[in-house]
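Right, one structure below, let's go through it.
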Amino acid sequence: GAVVSQHPSWVICKSGTSVKIECRSLDFQATTMFWYRQFPKQSLMLMATSNEGSKATYEQGVEKDKFLINHASLTLSTLTVTSAHPEDSSFYICSASSGPFSGRQYFGPGTRLTVT
Amino acid sequence: AQKVTQAQTEISVVEKEDVTLDCVYETRDTTYYLFWYKQPPSGELVFLIRRNSFDEQNEISGRYSWNFQKSTSSFNFTITASQVVDSAVYFCALSEAGGGNKLTFGTGTQLKVEL
């Protein structure tokens, strides 16, 4: 149980375009979802936390107008990278939890974004 | 603020050797969770263990074992008789009970197991 999927698993886009990444909890209701970014050979950095039905909370230094997060249902959150630039190329990972006191996040397989 | 330190950036061992990955954490909360994740080259995080702050019992799962010591704020991970398939990046992470499951990751340790 507790499976989280991400789509697409990899994407290549041109500079200036926008790209949307989906994160779905397949067998549980995810009241909270998290988005992480990971550069090569580095750790995971939390970008934002989203609770179903409310606005995402962004970490310091993350541009909320560039990384649009929507958590419209208990099983789906989306991250849209707007006006992508080559420096946005990274590995994006989502995770989901069934509540703030559940004590655990379940991670998706990640999406590798390359901006050319 | 919470912090996780993994001082070992990279470790290389020969197959069948035992290896210990160190993790030191900082938190002001009395209730927290500690985790270890494995990240193989595919990138997908593999959950290995969760330990809450009130359970200091060491745990063994097959070739894996964990040593949690609150007195030194450490949660070390040992792989016994390492195998090539153990080659991966290993992350230690911390979440505070009142933090809504927000995870803070260490910088990771790259483990290379060679024949």
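A note on names: the letters A, B, ... follow the listed sequences, proteins ahead of strands, and every chain is numbered from 1. Every heavy atom of this structure was used, including side-chain atoms; hydrogens, water molecules and symmetry mates were not.
Linking ILVMFWY side-chain heavy atoms closer than 4.5 Å, directly or via other members, places F35(B) and F77(B) in two distinct hydrophobic clusters. Residues L74(A) and W35(A) are members of separate hydrophobic clusters, defined by side-chain heavy-atom contacts under 4.5 angstrom among Ile, Leu, Val, Met, Phe, Trp and Tyr. Taking hydrophobic clusters as Ile, Leu, Val, Met, Phe, Trp and Tyr residues chained together by side-chain heavy-atom distances below 4.5 Å, L76(A) does not share a cluster with F28(A). Following chains of ILVMFWY side-chain contacts shorter than 4.5 Å, one can reach L113(A) starting from M47(A), so the two form part of one hydrophobic cluster. When hydrophobic clusters are built by joining Ile, Leu, Val, Met, Phe, Trp and Tyr residues whose side-chain heavy atoms come closer than 4.5 Å, directly or via intermediates, L46(A) is not grouped with V4(A).
Heavy-atom distances place the side chain of Y36(A), and not its backbone, under 4.5 Å from chain B. Residue contact with chain A, scored on non-hydrogen atoms closer than 4.5 Å, is absent for Q6(B). Heavy atoms of L44(A) lying under 4.5 Å from chain B belong to its backbone as well as its side chain.
Qualifying side chain to side chain contact (heavy atoms under 4.5 Å, CB included) partners for P86(A), counting only residues two or more places apart in sequence or in other chains: S15(A), V115(A). Residues satisfying the salt bridge (charged side-chain N to carboxylate O under 4.0 Å, His left out) test with E56(B), not counting sequence neighbours, are none.
For R104(A) and Y33(B), the positive end is not near the middle of the six-membered ring at less than 6.0 Å and at most 45° from its axis.
Summarising the local packing, NZ of K66(A) is surrounded by more than 12 heavy atoms from other residues, nucleotides or ligands at distances under 6.0 Å. Heavy atoms from other residues, nucleotides or ligands lying under 6.0 Å from NE2 of H7(A) number 12 at most. Under a cut-off of 6.0 angstrom, the local environment of CD in E87(A) is crowded, with over 12 non-hydrogen atoms contributed by other residues, nucleotides or ligands.
Close approach to chain A, defined as a heavy atom under 4.5 Å from one of its heavy atoms, is seen in no residue of residues 14-26 of chain B. Using a 4.5 Å cut-off between non-hydrogen atoms, the part of residues 103-115 of chain B that approaches chain A consists of L103(B), F105(B), G106(B), T107(B).
Considering all non-hydrogen atoms of both residues, G43(B) and F91(A) come closest at O-CE2, 3.4 Å. Closest approach of G108(A) and E44(B) over heavy atoms only: O-CG, 4.4 Å. Contact between Y37(B) and Q105(A) at its shortest, heavy atoms only, is OH-O, 3.9 Å.
Taking OG of S95(A) as the reference point, atom NZ of K102(B) lies at 12.5 Å (rounded to 0.5 Å).
Side-chain contact check for L45(B) versus Q38(A): every heavy-atom pair is 4.5 Å or farther apart.
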